[in-house]
Amino acid sequence: MNPNATAHASFTIERRYASEPATVFGAFADEKKKRRWFAEGEGFLVDSYELDFRVGGLERARFRFGPGTPVPEGTESANDSWYCDIRPDERIVLAYVMTVGGARISSSLATFEFIADGEGTRLRYTEQAVFFEGADGPEIRRQGWAALFDALGAELAAE
């Protein structure tokens with residue numbers, strides 16, 4: 001890859017959960033719940049997590065990769081998000097930047113839509129991203145979000 005190259009990608013993931021939109025939305029808005037499904041995944045050691053869930057608010061996660069991940073164990077990573085739009089129980093739009101080993105690897109605009117579907121919710125996630133040199137790329141990012149949405153499903157099932 002050209003050392004100054006960028007790669008642009010957009011993808012959408014849809015999931016259905018048995019919980020109503022307010023409950024699924026709440027798993028994004030509540031700091032303790034969001035930390036459990038978003039930051040505390042297998043293979044990651046959380047150094048810090050904070051959530052200011054409001055338009056203009058920040059969400060910051062600092063963690064290190066643990067054993068069994070494709071990144072060397074102990075490598076520091078960060079995810080910094082800015083909430084651009086929040087419509088309770090319907091939509092969240094945020095911009096986020098990911099850093100691995102001190103290098104910024106991507107910048108993204110992410111939209112979460114909570115759509116009533118019978119007695120449950122259809123979650124539609126759309127990411128528009130630019131990946132920088134050394135980045136994970138769109139397919140690995142898609143896989144990462146799919147795993148996070150599995151963790152969200154486990155969080156909802158535990159309620």
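Applying the side-chain contact (heavy atoms from CB on, under 4.5 Å) criterion to R16, with sequence neighbours excluded, gives D117. Among residues two or more places apart in sequence or in another chain, the ring pair (Phe, Tyr, Trp, His ring centres under 6.0 Å) test is passed with Y17 by none. With sequence neighbours excluded, the residues forming a side-chain contact (heavy atoms from CB on, under 4.5 Å) with A22 are E20, D89, listed by chain and number. Remark: A9 engages F131, P138 in a side-chain contact (heavy atoms from CB on, under 4.5 Å) (not counting sequence neighbours).
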Would you list the atom pairs, donor with acceptor, under 3.5 Å between side chains in residues 152-159 and any protein atom, with sequence neighbours excluded?
{"residue": "E155", "atom": "OE1", "partner": "R36", "partner atom": "NE", "Å": "3.0"}
{"residue": "E155", "atom": "OE2", "partner": "R36", "partner atom": "NE", "Å": "3.3"}
{"residue": "E155", "atom": "OE2", "partner": "R36", "partner atom": "NH2", "Å": "2.7"}
{"residue": "E159", "atom": "OE2", "partner": "K33", "partner atom": "NZ", "Å": "3.1"}

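With respect to Y49, the side chain to side chain donor-acceptor pair (under 3.5 Å) criterion is satisfied by exactly one of R60, E59, R62: E59. The residue from F38, F28, Y96 that alone fulfils the ring-ring contact (aromatic ring centres under 6.0 Å, His included) condition with F112 is F28.
Taking every heavy atom of both residues into account, R141 and S106 meet most closely at NH2-OG, 2.7 Å. Minimum interatomic distance between A5 and E133 (heavy atoms only, all atoms of both residues): O-OE1, 3.1 Å. Counting all heavy atoms, side chain and backbone alike, C84 lies closest to A95 at SG-N, 3.9 Å. Taking each heavy atom of R15 and A146 in turn, the nearest pair found is NH2-O, 3.2 Å. Minimum interatomic distance between G102 and T99 (heavy atoms only, all atoms of both residues): C-CG2, 3.5 Å. Shown here for V97 and S107, the closest heavy-atom pair between the two residues is CG2-OG, 4.0 Å.
Using a 4.0 Å cut-off between charged nitrogen and carboxylate oxygen, R35 and D30 do not count as a salt-bridge pair. Ion pairing between a basic and an acidic side chain is recognised when a charged N comes within 4.0 Å of a carboxylate O; E113 and R91 show no such pairing.
A heavy-atom distance below 4.5 Å is not found between the side chains of E50 and L58. The shortest distance between side-chain heavy atoms of D52 and Y83 does not fall below 4.5 Å. Taking 4.5 Å as the limit, every side-chain heavy atom of K34 sits out of range of all side-chain heavy atoms of F53.
In this structure, F65 and F63 have perpendicular ring planes: the angle between them is above 60°, well past the 30° mark. In this pair, Y125 and F11 present their aromatic rings tilted. The plane angle is within the 30 to 60° band. F114 and F25 have perpendicular rings, their planes meeting at more than 60° on a 0 to 90° scale where under 30° would count as parallel.
Side-chain atoms of S19 never come within 3.5 Å of backbone atoms of V24 as a donor-acceptor pair (strictly under, hydrogens ignored).
Using a 4.5 Å cut-off between side-chain heavy atoms of Ile, Leu, Val, Met, Phe, Trp and Tyr, with links allowed through other members, I115 and F149 fall into different hydrophobic clusters. Hydrophobic clustering (ILVMFWY, side-chain heavy atoms < 4.5 Å, transitive): L94 and I13 are in one cluster.
Legend: side chain to side chain donor-acceptor pair (under 3.5 Å) pairs involving residues 69-79, not counting sequence neighbours, sorted by first then second residue: N79-S81.
L109 CG to Q128 CD: the interatomic distance, rounded to the nearest 0.5 Å, is 5.0 Å. The CD atom of Q143 lies 12.0 Å from the CG atom of L148; values are rounded to the nearest 0.5 Å.
The number of heavy-atom neighbours closer than 6.0 Å to CD of E42, taken from other residues, nucleotides and ligands shown, is 12 or below.
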Task: Residues I105, F132; criterion side-chain contact (heavy atoms from CB on, under 4.5 Å); working and verdict - done: CA-CA 5 Å; I105 64 164; F132 310 124; 5.5 Å; no
